[in-house]
There are 2 protein chains.
Amino acid sequence: MIGLLVNQTEVLESSKIIRGHKSVDGRGLTYEGRRIPKPVIKRLSMYARALQKFSFTGVEKISSRELGDALGLNSAQVRKDLAYFGQFGVPGLGYYVEELRGRIKSILGTDRVVRLAVVGVGNLGQALISNSTQYAREGFCIVAAFDADKRKIGGERNGVPIYHIGDLNHRIKDMAIDIVAVAVPSGAGQAVADRAVESGVTAILNFVPERLIVPSHVHVQYVDLAIEIESLSYYLK
Amino acid sequence: MIGLLVNQTEVLESSKIIRGHKSVDGRGLTYEGRRIPKPVIKRLSMYARALQKFSFTGVEKISSRELGDALGLNSAQVRKDLAYFGQFGVPGLGYYVEELRGRIKSILGTDRVVRLAVVGVGNLGQALISNSTQYAREGFCIVAAFDADKRKIGGERNGVPIYHIGDLNHRIKDMAIDIVAVAVPSGAGQAVADRAVESGVTAILNFVPERLIVPSHVHVQYVDLAIEIESLSYYLK
DNA sequence: TAGATTGTTAATCGATTAACAATC
DNA sequence: TAGATTGTTAATCGATTAACAATC
């Protein structure tokens, strides 16, 4: 049996090989067997963007303190967040900006292009589509939009083709859509989510003020502008 | 001295009088001297909306379990959240839907109309403005929009007048703006925030992917769509 | 009264921050 | 080597959930 021949070095090697492996178990999504808190993922994306800016202005290396300061975060938090995924820094020196950014992008999965569909070409849908240039820089691309209004079908906005919502299922498969952004009128969100899930989508960005019922392997991120505004009201003097 | 004459009943009375008093101390914003976690405020707003729906469908009373289920929350959490602000339920019965909703609205400050300005009438700004009908139902009103583009000035969208951004300061004061939503292009956010703060605004909803520097008494809520999308990418298979 | 559900305390869980040996 | 900063463990802080006496 091969197992008997494995020496210390080989064990280390094989542990390197599984590096970067995401899997789902009873504790939710894990990375190399460790459960990653959701806030960590959000911050990872913030780090990537900040690093992009630093890189753009010619900064080549950066400490956890500098990166944290740029985002209003504690330096220990920066180091701890990164430590979930490996060792990326050099003691005494800090992190190499471009290298770290690349590593984070690869962890997030945005080192390749992530393909999005926007469902609902109302004002919010259009706002998303009009942001595509910014999004493209960060690694995701809106490749299709869907609407129920026949007058909008067939055209395009910002280079994004608009299809009829009836085509959602087959287009999701054909176009290899990764993420569906739901920006339809209130009440129509669940139906869209159902079709997306049917077609194999596992990540949904939901702007409709409704809770979506989805299987446990599907991740839904809620963005609820009315809730954001109302919460702010509490903090008024 | 009056204090010497205060009896037990009067002490109870006076503690009722301070009920609902918000103040700021070293620990941040407090309600009747207790520090309220931010997630609680978000959920309060969610409760209010759910209760509105229940009320609309004729439901008159509701248990913490039923309210929690509607939002995917634990019933203990519902009760604990409410307990920060007082005793609103009836043991054995639950909560009266309309009464609870009124109490929550009053805690949030959305029992009166909260006045919003949208700065930046791009696609996102327009999306916000086009939602005003929904927002109006929940207690806030977009009363003005601002843009730098002279061609947009003077007109209106959805009944909301569009002013030049140079008028921001005096309009905020004249129109008693409570909250400023910043939806300008990347790079212009801080300047808008500065003027808003100058004019006395204490709550900002920021859609620009930049950290805003504001005095500590000003609350900034960040909505960053690119970060939301990129975080979702991590959860793709 | 019996049953149900609150309000609240205690227990658990999770996330942030501090501290420091290891390392460049 | 001296100085700086990482990676990681332990301490703290905060938020959620369980449990249950009090109450309708």
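Throughout, protein chains are lettered first and strands after them, A, B, ... in sequence-line order, and every chain is numbered starting at 1. These numbers were taken from a predicted model, which means no experiment stands behind them.
OP1 or OP2 of C:dG7 has at least one side-chain nitrogen or oxygen of B:Tyr95 nearer than 4.0 Å. B:Gln87 has no side-chain polar atom (N or O) that falls below the 4.0 Å cut-off from OP1 or OP2 of C:dG7. The shortest distance between the side-chain N/O atoms of A:Arg35 and the OP1/OP2 oxygens of C:dG14 is not below 4.0 Å. Regarding contacts with the backbone of D:dG7, every side-chain N or O of A:Arg79 stays at 4.0 angstrom or more from both OP1 and OP2. Within the 4.0 Å cut-off from OP1 or OP2 of C:dT6, at least one side-chain nitrogen or oxygen of B:Ser64 is found.
Rounded to an integer number of Å, the gap from A:Tyr96 OH to D:dT6 P is 12 Å. Residue A:Leu73 contributes atom CG, which lies 13 Å from atom C1' of C:dA15 at whole-angstrom precision. Whole-Å rounding puts the B:Lys38 NZ to C:dA15 C1' distance at 16 Å. Atom C1' of nucleotide C:dT6 and atom CZ of B:Phe85 are separated by 18 Å, given to the nearest angstrom. Separating the CZ atom of B:Phe88 from the P atom of D:dC24 is a distance of 17 Å, rounded to the nearest angstrom. As rounded to whole Å, 13 Å separates atom C1' of C:dA19 from atom CZ of A:Arg65. One interatomic measurement links the two molecules: CG of B:Leu82 to P of D:dT16, which rounds to 13 Å at whole-angstrom precision. Note: CG (B:Leu71) to P (D:dT17) measures 13 Å, nearest angstrom.
Among C:dT17, C:dA10, D:dA15, the nucleotide with an atom closest to any side-chain atom of B:Pro37 is D:dA15. Taking every side-chain heavy atom of A:Ala76 into account, C:dA18 is the closest of C:dA18, D:dT17, C:dC24. Of the listed nucleotides (C:dT17, D:dC24, D:dA15), C:dT17 has the atom at the smallest distance from the side chain of A:Lys80. Across D:dG7, C:dA18, C:dT6, the shortest atom-to-atom separation from the side chain of A:Asn74 is found for C:dA18.
Aromatic ring pairs are classed by plane angle as parallel below 30°, tilted from 30° to 60° and perpendicular above 60°; the pair A:Tyr234 and B:Phe85 is perpendicular.
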- Task: Determine, stepwise, if the pair B:Phe207 / B:Tyr222 fulfils side chain to side chain contact (heavy atoms under 4.5 Å, CB included).
- Result: CA-CA 6 Å; B:Phe207 293 92; B:Tyr222 293 84; over 6 Å; no
- Verdict with reasoning, B:Lys105 to A:Glu230, per side chain to side chain contact (heavy atoms under 4.5 Å, CB included): CA-CA 9 Å; B:Lys105 281 288 183 181; A:Glu230 185 156 38; 2.6 Å; yes
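The partner of C:dT8, taking Watson-Crick or G-U wobble pairs whose two distances both stay under 3.5 Å, is D:dA19. In this entry D:dC24 has C:dG3 as its Watson-Crick or G-U wobble partner, both defining distances falling under 3.5 Å.
Considering only heavy atoms from C-beta on, B:Gln221 stays 4.5 Å or farther from B:Ile204 through its side chain.
When each of A:Asp81 and A:Leu93 is assigned the nucleotide of DNA chain C with its nearest heavy atom, A:Asp81 is the one assigned upstream, toward the 5' end.
The two residues A:Glu138 and B:Ala226 make their nearest non-hydrogen contact at OE1-CB, 3.9 Å.
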